[in-house]
J.: 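My questions all concern the structure below.
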Amino acid sequence: MNYLLNLYETYEANLDVVGKVEVKPNGQEFTLLPVSHTTQQAQIEVLVTEDGEFHSASVIGKSDANTLIPCTEKSASRSGSLIAPYPLHDKLSYVAGDYVDFGGEIKNEEPFTYYIKQLEEWANSPYAIDKVKSIYRYLNKRQLIHDLVHRGKILWVDANQRLIDKWDKHAQALYGEKPQIFSVVNGGQASAFVRFDVYSPTKISPKVWKDPEVYHSFVRFYSNRLGATDLCYVTGKQLPRTDKHANKIRNAADKAKLISANDNTGFTFRGRFSDSQEAASISYEVSQKAHNALKWLIHRQGKIIDQRVFLVWGNQELDLPDPTEDYFSIHSLAVESQERVTFTNEEFAREVARAMDGYRNNLSLEAKDKVNILVLDSATTGRMAVLYYRSMDKELYLNRIENWHTTCVWLHRYRKNEQGDFVQFCGAPATRDIAFAAYGPRASDKVVKGLMERMLPCIIDNRKIPLDIVSSAFHRASNPVSMERWEWEKTLSITCALINRQEGLGVPLDVDNNHRDYLFGRLLALADVLERRALGDETRTTNAIRYMNAFSRHPQRTWMTIQASLQPYQARLGTKATYLSKIIDEVGSRIPADQFNNKPLSGLYLLGFYSQRHELYHKQDKEPENV
């Protein structure tokens, strides 16, 4: 119940944006839904006059189809043959009183009867506004399809005055060019969803589905028709209860529910409860506001991978650093100039602390304000589960993010700036990039979402990174010939970050580190740089890189092969190779004789390899040509 309470409080803290349309970067619209409202994709828009007469109609393109509509408990979760009309906008079979006259098929009772009765009650209530009354007066004439066929030229009928089910050769012969309605509906004209607006020649007002007065009118009307009150397990107050909860959580086609209590014939309550309300009672208001806040947050800032939702938000301030993103994404301080190429651990820790202080200064650190981390997914089309949930103090959350980015840290060069140029940055990699480093760029979304879920406790709860993830990334980074150069460099830096979480080293070369694996990694980097300099403009892979996989498993035996292959390149460079050759001798001499063996190397050798190569490529003082 804790996550529902926090979602409810988030809704209450953002009442000023209820009903206001926001637009995603891809152009998709979304909004924080009012209570007793949902969204539908409409295909036909009908304008009526203030006097309740037909004015005009149009087919709605898919980019403008999203429509905010009022709904009841039953209609919000209707399915199958259940007759449960929406209060205002609905499918043609509900809103058209002449649906049967034009060949519409009904199984038992006519849906329009239920629809018009419900709309009449709203239109005649003290809460109704003029727009609702105008729409009711028109629809009560039972001539919608007639007007759409003969006056609006929106719907099309065959020779028997029956709605054409699909556009075929017979319809083609009758009308010629294919009408627009058949391009936007699925399942024939009878399945079209109709929304209504009121035309006024004297005043400009918002569209009915965007009008706050219409929202408030229905909310006031419907709130007086709710059922009996009960103890709400979320707020602890006596409020009208509900056992029907919202779907469409991730998108408009999502049927999975977080809360469901319709299994009265199975084993759900046997030996425990007589009905679902004894298990948990949730008020209608809390259910509506919590689910609407969740939908809004997912659209606004959620991350969805293979239908699994990753969401982070604060009850008061919504925008918080995302634990699944890298440091490049959460703060501009991550982007370093080309001149500044290294950080010591202490320097970078200060940079991250400064970035987190920026969040602290922008956020009110009140004790009641929490940070919520929520992961949702569904195994079936009808049930959704909470896979991970944490609610924690905001200060603690920022400290955990700071700790993650200062411990799982390395230097990366695979991100691009706004100009499309590669830039380097220090910090922890994004969890999605960790998945690709561990399992390859063709890893399925199912694999990626599973890894991201497993990494969350490492970031939020400061747990150790699972060994299988580190091991998989280590073996891929040790096999550079299996991938392209850019992919290997990315995999290498990400793997170094994962290993460094346990080792606690920095990117700058640790010349005092005498660990056997670290020194072997340095030797491999020295051999790679020496041969690369000898090759000049040639782009072929060096022997050090080609033998890297074998070197990680049999370092002593493979080093003999690599060192022998270096001799022609040392001869080609002449005195220019003296500096690197001296370092190779110096590093090799520091490995004790009893440790110069074929025992497989640990991940520490990758840190030695990266740091040594980084030192040689970015050394400010060039080595002397003659020694």
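Heavy atoms only: backbone and side chains are in, while hydrogens, waters and symmetry mates are out. One-based numbering along the sequence shown.
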J.: For T38 and Y86, test the side chains for any donor-to-acceptor distance below 3.5 angstrom and give the result as yes or no.
T.: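 No.
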J.: In terms of side-chain geometry, is the basic nitrogen of K449 or D377 positioned less than 4.0 Å from the acidic oxygen of its partner?
T.: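 Yes, this pair counts.
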J.: Check whether any side-chain heavy atom of D51 lies under 4.5 Å from a side-chain heavy atom of Y138, and answer yes or no.
T.: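 Of all side-chain heavy-atom pairs linking Y138 with D51, none is under 4.5 Å.
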J.: Minimum heavy-atom separation for C232 and V286, please, with both atom names.
T.: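 Closest heavy-atom pair between C232 and V286: SG-CG2, 3.9 Å.
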J.: Quick check: does any side chain N or O of Q301 sit under 3.5 Å from a backbone N or O of L318, one acting as donor and the other as acceptor?
T.: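 Yes, Q301 side chain to L318 backbone: donor-acceptor pair under 3.5 Å.
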J.: Does CZ belonging to R151 count more than 12 external heavy atoms closer than 6.0 Å?
T.: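 For R151, atom CZ is crowded (more than 12 foreign heavy atoms under 6.0 Å).
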J.: Hey, does M483 have a side-chain heavy atom less than 4.5 Å from the side chain of P441?
T.: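 SC-SC contact between P441 and M483 ruled out.
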J.: May I have the step-by-step check of side chain to side chain contact (heavy atoms under 4.5 Å, CB included) for L163 and L92, ending in yes or no?
T.: CA-CA 11 Å; L163 288 175; L92 198 63; 4.1 Å; yes
J.: Once rounded to the nearest 0.5 Å, what's the spacing between atom NZ of K303 and atom OG1 of T324?
T.: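 K303 NZ to T324 OG1: 2.5 Å, rounded to 0.5 Å.
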J.: Give a yes or no answer on whether the side chain of Q43 reaches the backbone of I181 with a donor-acceptor pair at less than 3.5 Å.
T.: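 It does not hold such a pair.
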J.: Please find the pair of heavy atoms, one from C71 and one from P87, that lie closest to each other, and give the distance.
T.: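 The answer is CA-CD, 3.6 Å.
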J.: Report yes or no: does K141 contribute a side-chain atom to a donor-acceptor pair with the main-chain N or O of G52 at less than 3.5 Å?
T.: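 Flag set: sc K141 to bb G52 pair under 3.5 Å.
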J.: E453: what forms a salt bridge (charged side-chain N to carboxylate O under 4.0 Å, His left out) with it, not counting sequence neighbours?
T.: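 By the salt bridge (charged side-chain N to carboxylate O under 4.0 Å, His left out) rule, E453 matches R308.
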J.: Using side chain to side chain donor-acceptor pair (under 3.5 Å) as the criterion, list what pairs up with E12, not counting sequence neighbours.
T.: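 For E12 the side chain to side chain donor-acceptor pair (under 3.5 Å) partners, ignoring immediate neighbours, are K289.
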J.: How would you list all residue pairs meeting side chain to side chain donor-acceptor pair (under 3.5 Å) that involve residues 205-222, not counting sequence neighbours?
T.: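 Pairs touching residues 205-222 that pass the test: E45-K207, W122-S217, K131-S205, K131-D211.
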J.: Going through the distances and angles, do Q307 and N251 end up as a side chain to side chain contact (heavy atoms under 4.5 Å, CB included)?
T.: CA-CA 10 Å; Q307 297 304 306; N251 52 66; 3.7 Å; yes
J.: Does L88 offer a backbone N or O that forms a donor-acceptor pair with the side chain of Y115 under 3.5 Å?
T.: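 Yes; at least one donor-acceptor contact below 3.5 Å.
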J.: My understanding is that only residues two or more places apart in sequence, or in another chain, count here; which of them pass side chain to side chain donor-acceptor pair (under 3.5 Å) with Y11?
T.: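 Listed in chain order: nothing, the list is empty.
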J.: Are E285 and K237 close enough for a salt bridge, meaning some N to O gap below 4.0 Å?
T.: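 Not counted as a salt bridge, because no side-chain N and carboxylate O are separated by less than 4.0 Å.
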J.: Any pair with a residue in residues 179-188 that passes side chain to side chain donor-acceptor pair (under 3.5 Å), sequence neighbours left out, goes on the list, sorted by first then second residue, please.
T.: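 For residues 179-188, and leaving out neighbouring residues, there are no side chain to side chain donor-acceptor pair (under 3.5 Å) pairs at all.
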J.: Could you walk me through whether V46 and F54 pass the side chain to side chain contact (heavy atoms under 4.5 Å, CB included) test, one step at a time?
T.: CA-CA 8 Å; V46 175; F54 180 86; 4.0 Å; yes
J.: Within the structure provided, determine whether N6 and Y389 are in side-chain contact (heavy-atom separation under 4.5 Å).
T.: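 A side-chain contact exists here, since the closest heavy-atom pair is under 4.5 Å.
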J.: When you measure from the side chain of N292 to the backbone N and O of P34, does any donor-acceptor pair fall under 3.5 Å?
T.: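 Confirmed, N292 side chain pairs with P34 backbone.
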J.: Is it true that R300 and D319 make a salt bridge, defined as a side-chain N closer than 4.0 Å to a carboxylate O?
T.: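 Between D319 and R300 there is a salt bridge, with a charged N closer than 4.0 Å to a carboxylate O.
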J.: What is the minimum heavy-atom distance between V423 and F328, and which atoms define it?
T.: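 Where V423 meets F328 most closely, the heavy atoms are CG2-CE1, 3.4 Å.
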J.: Is there side-chain contact between P323 and L456, with heavy atoms separated by less than 4.5 Å?
T.: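 Answer yes - side chains close enough.
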J.: How long is the gap from CD1 on I304 to CG on D445, to the nearest 0.5 Å?
T.: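 The CG atom of D445 is 12.0 Å from CD1 of I304, to the nearest 0.5 Å.
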J.: Does any non-hydrogen side-chain atom of V100 lie less than 4.5 Å from one of I106?
T.: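 Yes, close enough: below the 4.5 Å cut-off.
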J.: Is any side-chain heavy atom of K295 less than 4.5 Å from a side-chain heavy atom of T39?
T.: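 They are not in contact (no side-chain heavy atoms under 4.5 Å apart), so the answer is no.
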J.: Could you work out, with salt bridge (charged side-chain N to carboxylate O under 4.0 Å, His left out) as the rule, every residue matching K490, not counting sequence neighbours?
T.: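 So K490 forms a salt bridge (charged side-chain N to carboxylate O under 4.0 Å, His left out) with D433.
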J.: Can you find a pair of side-chain heavy atoms, one from Q118 and one from Y114, that are under 4.5 Å apart?
T.: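 No, their side chains stay 4.5 Å or more apart.
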J.: Under 6.0 Å from the ring centre and within 45 degrees of the ring axis: does the NZ or CZ of K91 meet both conditions for the six-membered ring of F193?
T.: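 No, K91 and F193 do not form such a contact.
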J.: Locate the shortest heavy-atom distance separating Y175 from V157; write the atom from each residue and the value.
T.: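 Of all heavy-atom pairs spanning Y175 and V157, the closest is OH-O, 2.5 Å.
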J.: Supply the atom-to-atom distance H89 NE2 to L68 CG, rounded to the nearest 0.5 angstrom.
T.: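 Those atoms lie 8.0 Å apart.
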J.: Any side chain to side chain donor-acceptor pair (under 3.5 Å) involving residues 59-74? Give me the pairs, sequence neighbours left out, ordered by first then second residue.
T.: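 For residues 59-74, and leaving out neighbouring residues, the side chain to side chain donor-acceptor pair (under 3.5 Å) pairs sorted by first residue read Q41-N66, D64-R195, T67-R195, T72-S75, E73-T242.
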J.: Taking K24 for its side chain and F30 for its backbone only, find out whether a donor-acceptor pair lies under 3.5 Å.
T.: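 Not at all, since once roles are kept as given, no pair shorter than 3.5 Å links the two residues.
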J.: S391 side chain to N372 main-chain N or O, any donor-acceptor pair under 3.5 Å?
T.: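 No, the answer is negative, given that no donor and acceptor are paired below the 3.5 Å cut-off.
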J.: Can you measure from NZ (K446) to CG (L451) and round to the nearest 0.5 angstrom?
T.: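 Between atom NZ of K446 and atom CG of L451 there are 14.5 Å.
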J.: For the backbone of E487 and the side chain of Y414, can you confirm whether one donor and one acceptor N or O come within less than 3.5 Å of each other?
T.: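 Not confirmed, Y414 side chain does not pair with E487 backbone.
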J.: Which residues pass the ring-ring contact (aromatic ring centres under 6.0 Å, His included) test with F182, sequence neighbours left out?
T.: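 Residues passing ring-ring contact (aromatic ring centres under 6.0 Å, His included) with F182: W167.
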J.: Could you list all the salt bridge (charged side-chain N to carboxylate O under 4.0 Å, His left out) pairs where at least one residue sits in residues 116-125, not counting sequence neighbours?
T.: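 For residues 116-125, and leaving out neighbouring residues, the salt bridge (charged side-chain N to carboxylate O under 4.0 Å, His left out) pairs sorted by first residue read E121-R225.
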J.: Test V309 against L294 for side chain to side chain contact (heavy atoms under 4.5 Å, CB included), laying out the working first.
T.: CA-CA 11 Å; V309 176; L294 178 58; 6.0 Å; no
J.: Mind listing the closest non-hydrogen atom pair of S191 and V185 along with its distance?
T.: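 Closest heavy-atom pair between S191 and V185: OG-CB, 4.5 Å.
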J.: Among pairs that include at least one residue of residues 164-182, which meet salt bridge (charged side-chain N to carboxylate O under 4.0 Å, His left out), considering only residues two or more places apart or in two chains?
T.: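 Matches after skipping sequence neighbours: none remain.
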J.: Could you list the residues that satisfy side chain to side chain donor-acceptor pair (under 3.5 Å) with W156, not counting sequence neighbours?
T.: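 Side chain to side chain donor-acceptor pair (under 3.5 Å) list for W156, sorted by chain: empty.
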J.: What is the distance from atom OG of S223 to atom OH of Y127, rounded to the nearest 0.5 Å?
T.: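 Atom-to-atom, S223:OG and Y127:OH are 6.5 Å apart.
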J.: Any side-chain heavy-atom pair from L119 and N140 closer than 4.5 angstrom?
T.: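 No - every pair of side-chain heavy atoms lies 4.5 Å or more apart.
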J.: For D98, give me all partners under side chain to side chain donor-acceptor pair (under 3.5 Å), at least two apart in sequence or on another chain.
T.: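 For D98 there are no side chain to side chain donor-acceptor pair (under 3.5 Å) partners, ignoring immediate neighbours.
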J.: Mark yes or no for whether D158, through its side chain, and N160, through its backbone, hold a donor-acceptor pair below 3.5 Å.
T.: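 Judged by distance alone, yes, a pair lies under 3.5 Å.
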J.: Between H291 (side chain only) and N247 (backbone N and O only), is there a donor and an acceptor less than 3.5 Å apart?
T.: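 The answer is no, because no donor-acceptor pair under 3.5 Å joins these two groups.
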J.: Would you compute the distance between atom CG of D130 and atom CD of E50 and round it to the nearest 0.5 angstrom?
T.: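 The CG atom of D130 sits 7.5 Å away from the CD atom of E50.
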J.: Work out which heavy atom in L7 is nearest to a heavy atom in W313; give both atom names and the distance.
T.: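 Scanning both residues completely, I find the closest heavy atoms to be CD2-CZ2, 3.4 Å.
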